[in-house]
Amino acid sequence: MADPQKPQTPKKGNDNLKLPTRADDFSEWYIQLVKRAKLADNSDVRGSMVIRPNGYAIWENMQQVLDGMFKDTGHQNAYFPVLIPESYLAKEKKHVADFAPQVAVVTHAGGKPLPEGERYVIRPTSETIINRSFTNWVQSYRDLPILINQWANVMRWEMRPRLFLRTTEFLWQEGHTCHATEAEATEETLRMLDVYERFAVDYMAMPVIKGQKTESEKFPGAVSTYSIEAMMQDKKALQAGTSHMLGQNFAKMFDTQYQSKEGTKEYVWQTSWGVSTRLIGALIMTHSDDAGLVVPPKLAPTQLVIIIIGKTPEERGPVREKAHALAAEAKKQGIRVLVDDDETKGPGFKYAEYELRGVCLRAELGPKDLAQNQAVLARRDNKAKETVSLDAVVSRAGQLLEEMQQALYDAAKQRMTDNTFEVNSVEELKTKDGFLLAHWDGTPETEKRFKDEFGLTTRNRPFDLTQEPGTCVLTGAPSPGRIVLAKAY
RNA sequence: CGGGGCGUAGCGCAGUCUGGUAGCGCGUCUGCCUUGGGCGCAGAAGGUCGUCGGUUCGAAUCCGGCCGCCCCGACCA
């Protein structure tokens with residue numbers, strides 16, 4: 001009955017099971033990966049996303065580690081309102097000028113329009129409203145330092161949102177501190193930058209460049225801003241965390257003063273620092289591959305999945321029993337483990353699915369294995385498979401997780417090293433791709449030219465780079481030292 | 001806000017040029033079958049074709065308005 005005029009039935013749908021490749025279209029690969037790995041969905045609210053359990057679990061793991069680090073450095077959590085009186089924002093001139101365009105304002109409430117002057121903004125960041133409280137909390141030098149952290153959502157009306165990297169509403173932590181002296185505040189600013197670096201390196205397996213932002217890139221209202229910058233697989237830079245030395249700018253606007261030992265009134269010195277759910281985007285773009293998500297074991301929601309293979313109940317029964325015994329043992333060793341006993345899907349499907357979702361290790365356990373007292377372990381990052389005797393599975397899994405954590409860092413570090421260049425000519429600015437260490441004359445004009453003519457932005461002035469004077473790569477004017485230039489997210 | 005593209009089943013799309021009352025793949029559901037790399041067979045459910053109006057005997061299809069989304073740019077710690 002087939003009608004020869006009719007177009008052939010389209011090919012089997014296996015193609016759309018695969019992700020676009022990174023080489024073909026990095027950006028499309030990223031978007032598809034986020035959705036297919038069930039990390040997040042777009043929502044009907046433009047620019048806002050739904051974070052799904054698989055994505056939120058990564059965030060929870062990040063929160064847990066970071067929160068511990070904050071507590072270890074003496075910080076306490078608190079919570080401040082999501083709505084900020086519009087007038088607060090306006091107190092710091094630079095702050096309001098830079099944030100106003102991306103702020104959402106509550107103009108109606110209780111069924112009525114709010115009069116001018118009684119409106120609220122949805123927090124884009126909380127320096128102002130927190131300072132309002134600090135003013136009440138600080139009386140004496142004995143009250144200092146105040147070391148506060150807040151886990152919260154914030155909203156910035158971004159014009160070009162991108163899942164995890166730049167969403168209208170996002171989750172973050174913001175630390176806010178008050179100190180008696182400038183030196184203490186500076187120390188705190190750098191201490192927290194170090195915490196971020198340590199988190200990036202030790203947990204995210206993501207090397208970063210730590211350094212100071214330029215004048216034009218610093219936080220509105222800050223005296224100086226520092227960042228950690230990471231390199232994604234497409235060689236673009238992603239700002240992964242920032243720490244700000246606020247000086248006394250907000251203190252003066254909110255009259256946050258203390259009485260010193262000598263009896264004088266002094267303004268407090270402040271800092272603020274934050275990382276956000278953007279880190280999940282960084283994680284994805286640092287480690288994942290064309291088969292899907294790859295997550296460093298320390299942050300992975302599931303570190304080991306045990307897949308039960310077998311056709312008949314007679315075959316599956318003993319396998320299932322052994323699988324659950326192994327899982328219990330693994331759990332005891334602190335491994336986040338899952339047993340997949342779903343009989344409606346074949347093993348091949350499951351392999352692909354767990355690779356897509358970023359489970360670090362897969363144990364295949366079937367009747368043949370059981371007969372030989374063994375299991376197959378497969379590592380997500382390099383796809384290596386090995387046969388392990390059953391009594392060694394859990395300890396071997398633990399080892400492999402550690403090796404994988406290290407291997408991911410090494411690979412990312414290698415990539416960053418291979419794509420970081422000293423550049424000394426306009427020609428090199430055009431041809432080199434990655435982190436470009438270049439002399440810059442320090443003017444905003446030249447900074448703008450980097451952007452307009454080469455698509456490059458200043459990332460930061462790295463701490464661990466010996467700063468020797470030279471001449472600006474664009475203008476030839478004197479330069480105090482090299483800065484990192486890169487295409488950025 | 002400028003330039004371009006697109007709204008048809010949960011998802012991805014065809015059908016629009018040339019008007020005749022909607023189709024394919026994936027997914028979902030049921031049953032059987034299968035399970036060591038995205039199984040197979042059979043059956044089923046699911047759509048006011050973005051929206052409002054116009055032309056017409058008849059509109060997913062032609063015309064106009066509106067709405068929404070995506071990409072590029074402007075913007076973005």
Side-chain angles (χ1 to χ4, degrees), chain A residues 6-19 25 27-28 31-32 35-36 41-47 94-95 98-103 124-125 127 154 156-162 165-168 172 174 212-222 224-229 238-244 246 272-276 278 291-292 307-313 315-316 319 340-356 362-372 374-376 378 383 385 387 451-452 455 457-460 488-489:
Chain A
K6 279 203 168 155
Q8 287 298 304
T9 308
K11 59 187 179 307
K12 283 282 172 89
N14 281 0
D15 273 5
N16 57 17
L17 291 174
K18 294 231 184 317
L19 289 170
D25 188 343
S27 165
E28 191 58 28
I31 295 168
Q32 293 291 328
K35 293 183 178 172
R36 297 276 306 284
D41 287 334
N42 279 317
S43 78
D44 289 337
V45 181
R46 189 184 165 278
K94 187 84 174 67
H95 195 66
D98 282 31
F99 274 115
Q102 23 175 346
V103 159
T125 180
E127 276 76 8
V154 288
R156 298 180 187 180
W157 215 256
E158 301 288 358
M159 306 179 93
R160 294 192 65 178
R162 203 150 142 59
L165 298 180
R166 198 181 302 109
T167 48
T168 300
W172 77 345
E174 45 181 327
Q212 182 169 5
K213 285 284 188 184
T214 65
E215 273 303 297
S216 63
E217 294 275 330
K218 76 182 191 192
F219 177 76
S224 50
T225 288
Y226 305 86
S227 73
I228 52 171
E229 303 280 335
L238 183 74
Q239 178 174 295
T242 48
S243 187
H244 317 290
L246 301 176
S272 69
W273 27 274
V275 296
S276 71
R278 166 179 263 205
I307 294 178
I308 292 173
I309 299 166
K311 321 182 214 215
T312 62
E315 278 182 347
R316 287 185 88 90
V319 174
D340 188 332
D341 191 18
D342 181 355
E343 296 183 37
T344 67
K345 301 238 176 355
F349 178 91
K350 294 177 184 176
Y351 299 168
E353 187 66 16
Y354 288 114
E355 282 166 8
L356 181 62
R362 176 181 74 236
E364 305 169 10
L365 191 62
K368 292 178 205 164
D369 296 304
L370 220 52
Q372 294 171 267
Q374 64 179 35
V376 174
K383 306 276 182 73
K385 279 195 188 190
T387 305
K451 181 81 196 290
D452 296 344
T457 53
T458 57
R459 303 319 305 158
N460 65 25
Y489 279 99

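Please read these numbers as outputs of a predicted model, since none were measured by experiment. Note on naming: letters A, B, ... go to the chains in the order of the sequence lines (proteins, then strands), and numbering restarts at 1 for each one.
For B:rC52 and B:rG40, the C1' atoms lie 48 Å apart once the distance is rounded to whole Å. Between B:rU61 and B:rG15, the distance separating the two C1' atoms is 9 Å to the nearest Å. Comparing the C1' positions of B:rG20 and B:rA59 gives an interatomic distance of 10 Å, to the nearest angstrom. Between B:rG50 and B:rC70, the two C1' atoms lie 15 Å apart (nearest whole Å). Taking atom P in both B:rC71 and B:rG64, the straight-line distance is 27 Å, to the nearest Å. Atom C1' of B:rU16 sits at a distance of 40 Å from the matching atom of B:rC76, rounded to the whole Å. Comparing the same atom, P, in B:rA22 and in B:rU28 gives a spacing of 27 Å after rounding to whole Å. To the nearest whole angstrom, the two C1' atoms, one in B:rA9 and one in B:rG23, are 11 Å apart.
Nucleotide B:rG12 forms a Watson-Crick or G-U wobble pair with B:rC24, both donor-acceptor distances falling under 3.5 Å. If you check B:rG7 for Watson-Crick or wobble pairing at under 3.5 angstrom, you find it paired to B:rC67. In a base pair of the Watson-Crick type (N1 to N3 plus N6-O4 or O6-N4) or a G-U wobble (N1-O2 and O6-N3), with each distance short of 3.5 Å, B:rU56 is matched with no nucleotide. Across all strands shown, B:rG73 forms a Watson-Crick or G-U wobble pair, both distances under 3.5 Å, with B:rC1. In this structure B:rC33 sits in no base pair that meets the Watson-Crick or G-U test at under 3.5 Å.
Counting any heavy atom pair closer than 4.0 Å across all strands shown, A:Glu343 reaches a base atom. Residue A:Pro367 is classed as a base contact, given a heavy-atom separation below 4.0 Å to a base. At a threshold of 4.0 angstrom between heavy atoms, the contacts of A:Tyr489 with the nucleic acid are absent. Across all strands, A:Gly310 comes closer than 4.0 Å to base atoms (heavy-atom distances). Residue contacts for A:Arg362: at a heavy-atom cut-off of 4.0 Å it reaches a base atom on one of the strands shown. Heavy atoms of A:Arg459 sit nowhere under 4.0 angstrom from any nucleic acid atom. Residue contacts for A:Lys368: at a heavy-atom cut-off of 4.0 Å it reaches a base atom on one of the strands shown. Residue-level contact check: A:Thr125 touches the bases, meaning some heavy atom is under 4.0 Å from a base atom. Across all strands shown, A:Asp98 has no heavy atoms under 4.0 Å from either base or sugar-phosphate atoms. Residue-level contact check: A:Pro220 touches the bases, meaning some heavy atom is under 4.0 Å from a base atom. Base contact: A:Trp172 has a heavy atom under 4.0 Å from a base atom. Counting non-hydrogen atoms under 4.0 angstrom, A:Glu217 reaches the backbone sugars and phosphates but no base.
A donor-acceptor contact under 3.5 angstrom links the side-chain atoms of A:Lys385 to the base of B:rG37. Judged by distance alone with a 3.5 Å cut-off, a donor-acceptor contact links the side chain of A:Glu355 to the base of B:rG37.
Ranking B:rC76, B:rC39, B:rG36 by closeness to the A:Lys451 side chain, first place goes to B:rC76. Among the nucleotides B:rG36, B:rC76, B:rG38, the one closest to the side chain of A:Gln102 is B:rC76. Set against B:rC39, B:rC76, B:rU35, the side chain of A:Phe349 has B:rC39 as its closest nucleotide. Comparing atom distances between the A:Ile309 side chain and each of B:rU28, B:rC76, B:rU35 picks out B:rU35 as nearest. Residue A:Lys18 has its side chain nearest to B:rG38 when only B:rU28, B:rG38, B:rC76 are considered. Considering only side-chain atoms of A:Lys345, the nucleotide from B:rC39, B:rU28, B:rU35 that sits closest is B:rU28.
Nearest-nucleotide positions on RNA chain B for A:Leu365 and A:Arg278 put A:Leu365 closer to the 5' end. Closest-nucleotide positions on RNA chain B for A:Val376 and A:Glu158 were compared, and the one nearer the 5' end corresponds to A:Val376.
In this structure, A:Glu215 places its CD atom where only 12 or fewer heavy-atom neighbours from other residues, nucleotides or ligands lie under 6.0 Å away.
When the P atom of B:rG12 is taken as reference, atom CD1 of A:Ile31 falls 13 Å away, rounded to whole Å. Rounded to an integer number of Å, the gap from CD of A:Gln32 to P of B:rC70 is 14 Å. Taking atom OH of A:Tyr354 as the reference point, atom P of B:rG37 lies 16 Å away to the nearest angstrom. Between the OH atom of A:Tyr351 and the C1' atom of B:rU35 there is a distance of 9 Å, given to the nearest Å. Nucleotide B:rG73 holds its P atom 12 Å from the CZ atom of A:Arg162, rounded to whole Å. Distance CZ (A:Arg166) to P (B:rC71): 12 Å, rounded to an integer number of Å. Straight-line distance from the CZ atom of A:Arg316 to the P atom of B:rU35: 11 Å, rounded to whole Å.
A donor atom on one side chain and an acceptor atom on the other are not found under 3.5 Å apart for A:Ser227 and A:Gln239.
Between A:Glu174 and A:Thr125, the closest side-chain pair of non-hydrogen atoms falls below 4.5 Å. Inter-residue side-chain proximity for A:Arg316 and A:Asp341 is flagged as met; some heavy-atom pair is nearer than 4.5 Å.
Seen from the ring of A:Tyr351, A:Arg362 counts as a face-on cation partner, given the 6.0 Å and 45° thresholds.
Using a cutoff of 4.0 Å between basic side-chain nitrogens and carboxylate oxygens, A:Lys345 and A:Glu353 are not scored as salt-bridged.
Without hydrogens or angle criteria, A:Glu315 side chain to A:Lys311 main chain gives a donor-acceptor distance under 3.5 Å. The backbone N or O of A:Thr242 sits nowhere less than 3.5 Å from a side-chain atom of A:Lys213 that would complete a donor-acceptor pair.
The two residues A:Leu356 and A:Arg36 come nearest to each other via the heavy atoms CD2-O, 3.5 Å.
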